Amino acid sequence: MIFEKSEAILNRARRVTPGGVSSPVRSFKHVGGNAFVAKHGDGAYLFDVDGNKYIDLVCSWGALIHGHNHPRIRTAIEQVLQSGTSFGITSEKEVELCELLTKSVAGLQMVRLVNSGTEACMSALRLARGATKRDLIIKFDGCYHGHGDSFLVGAGSGVASLPVSESAGVTEKTLEDTIVLPFNDVEALEATFKARDGEIAGAILEVVCGNIGVIAPEPEFLSALRSLTQKSKSILIFDEVMTGFRLSLSGAQNLYGISPDLICLGKIIGGGLPVGAYGGRADLMEHIAPLGSVYQAGTLSGNPLGCAAGIASLELILENEKFFYQALDAYGSEWKSQMDSHIASKGYAASVAQIGSMISVFFTPDLPRNYADVKTADKGRFKKFFWALMKQGVYYPPSPFEACFLSIAHDHEIMEKVTEASFLALDEAFRDG
Ligand SMILES: *Cc1c(COP(=O)(O)O)cnc(C)c1O
């Protein structure tokens, strides 16, 4: 493949920004080889500056559920642009977005707008601590909640080992305030609540893991988490930045019938612009300034541009909710079932996790239940798989620890091409030597 122009731009980029990227995964460090530089997007397709055309299975990491450059979202942005981009004081668009969010998402009685998923999760965590007047937080190994200090903490290697920081610059104090447990492990949960009862401010998780590849929660894990947090008066935070409006209007909570106290949103609610939100029980949200003593603010929060894009993105779903999710989920399940049969017929050590429009191919013989399982995957085979797809014009997330996101623009015809390409890519990945 030719990446001449991309390489020239990335060479310039590397001089002025670390690794030439604004976010690390874009450097292709997990797959080796050249990253590309995007030029434009259209529906399910992404085009790079060298003229390569890809079926995009990343969709801006899930934000673009309507595909690239949807005309309705573009028009909504254009209309607002006429009157300005930010006012630094309330404008009607943000009220409208908050109304849409509280109307659509179960349990979201009040909501505060921010500018990213990271901000949403950091703020929800502060709220949990402020409302409970406790410090300890539980997170789950492999769950990603943005780059706030408290979230860059992982499990140590031994069973009973202390948490370890996943980034330089995270203080020991932060580690001490964080308990990291394996996902889907009820025993570890019960033991922790028993040992630290009355000290735990809250627990945060991705209900469906997406940032280590797709992993489903086991029902007994979620119900244990709900009852233990309730009993100990700790706050249960669902990070639905990825799953909100993707798995259903109410996100993943709706699939499993468990209600959290607080919910974090992002990605889809900005329609491709930077918007995040957190909210939930009104009695908790009333702790937020100016009503309460938990401080959180933002110069560009609720700006009319992001809100207009978000409103258009949500309205496109709401207008046709049932059909929308049926169609979207069908694209995902058809791809999975086809890959499953191919993998079975060839006897490959691979597995396909799929929940709605989130899909991951794992180079493990069985579906992983947690991050430790994910780490056993064959990274060499993943790289071959990734590049074989690229050569066929399919852009799969450039890391074995990510999920594919489909958009409503990924119709049956496009998914058929993806299926054919992934058969060949699987064959390539398992061709030894
Ligand atoms: C993307 C993501 C975040 C972080 O959102 P940003 O907008 O990148 O800051 C947080 N949590 C989850 C589950 C995510 O997928």
Side-chain angles (χ1 to χ4, degrees), residues 21-27 57-65 105 112-128 137 139-154 166-167 180 183 202-217 222 236-248 250-253 255-256 260 262-280 296 298 300-303 306-307 309-310 313 353 355-360 371 374 397-399 401-406:
V21 291
S22 302
S23 197
V25 70
R26 301 180 195 175
S27 69
L57 301 181
V58 181
C59 286
S60 203
W61 303 100
L64 305 181
I65 200 163
V105 180
R112 169 61 68 79
L113 298 178
V114 293
N115 303 292
S116 68
T118 295
E119 254 189 272
C121 296
M122 282 167 46
S123 310
L125 194 62
R126 183 180 309 128
L127 172 54
I137 197 83
K139 76 175 284 279
F140 296 90
D141 198 24
C143 281
Y144 181 70
H145 308 294
H147 63 85
D149 283 8
S150 302
F151 304 128
L152 298 178
V153 178
E166 291 174 332
S167 164
V180 184
F183 198 75
I204 185 168
L205 80 160
E206 290 180 78
V207 182
V208 168
C209 294
N211 286 286
I212 46 176
V214 177
I215 296 182
L222 285 185
L236 179 57
I237 308 170
F238 279 3
D239 177 355
E240 300 239 30
V241 170
M242 187 178 267
T243 48
F245 292 93
R246 175 161 290 281
L247 298 185
S248 80
S250 276
Q253 61 159 327
L255 269 59
Y256 300 97
L262 292 175
I263 299 166
C264 305
L265 296 166
K267 299 197 167 106
I268 290 170
I269 67 161
L273 287 180
V275 180
Y278 67 100
Q296 185 272 311
L300 298 179
S301 293
N303 73 79
C307 290
S313 172
I355 299 180
S357 54
M358 294 168 60
I359 300 115
S360 292
Y371 193 29
V374 170
S399 159
F401 306 112
E402 300 287 355
C404 296
F405 301 100
L406 305 179

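All ligand and atom numbering here is 1-based and tracks the order in the structure. Just so you know, residue 1 is the first one in the sequence shown, and it goes up from there. Quick caveat: nothing in here was measured; it's all calculated off a predicted structure.
Closest heavy-atom contact between I355 and A216: CD1-CB, 3.6 Å.
Proximity of K267 to ligand 1, defined as any heavy-atom pair under 4.0 Å, is confined to the side chain (atoms from C-beta onward). Under 4.0 angstrom from ligand 1, there are no non-hydrogen atoms of T243. Of the heavy atoms in E206, only side-chain atoms (C-beta onward) come closer than 4.0 Å to ligand 1.
One finds the CE atom of M358 at 10.5 Å from the CD1 atom of I215 (value rounded to the nearest 0.5 Å). Within the model, atoms OH of Y278 and CG of L127 stand 6.5 Å from one another, a figure rounded to the nearest 0.5 Å. From L64, atom CG reaches atom NZ of K267 across 11.5 Å, with rounding to the nearest 0.5 Å.
Annotation: atom 11 (N) of ligand 1 to nearest protein heavy atom, D239 OD2, 2.6 Å. Scanning all protein heavy atoms for the shortest distance to atom 8 (O) of ligand 1 gives T118 OG1, 4.4 Å. Ranking the protein heavy atoms by distance from atom 6 (P) of ligand 1 puts G117 N, 3.5 Å first.
Every side chain to side chain contact (heavy atoms under 4.5 Å, CB included) that A403 has, sequence neighbours left out, goes to V214, S360, F405. Considering only residues two or more places apart in sequence or on other chains, I204 meets the side chain to side chain contact (heavy atoms under 4.5 Å, CB included) condition with C121, K139, H145, F151, I237, D239.
Taking a cut-off of under 4.0 Å to the non-hydrogen atoms of S116, the atoms of ligand 1 that pass are 7 (O), 9 (O). Atoms of ligand 1 found under 4.0 Å from any heavy atom of M242, numbered from 1 in the order shown, are 15 (O).
In terms of N/O distances under 3.5 Å, ligand 1 is not approached by C121. The N/O atoms of H145, backbone and side chain alike, include none that comes under 3.5 Å of an N/O atom in ligand 1.
Assignment of W61 to the shell around ligand 1 is not supported, since no heavy atom sits closer than 4.0 Å.
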List the steps and the verdict of side-chain contact (heavy atoms from CB on, under 4.5 Å) for R246 and I268. CA-CA 8 Å; R246 175 161 290 281; I268 290 170; 3.7 Å; yes
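For the 3.5 Å distance criterion, the side chains of Q296 and R112 qualify, holding a donor opposite an acceptor.
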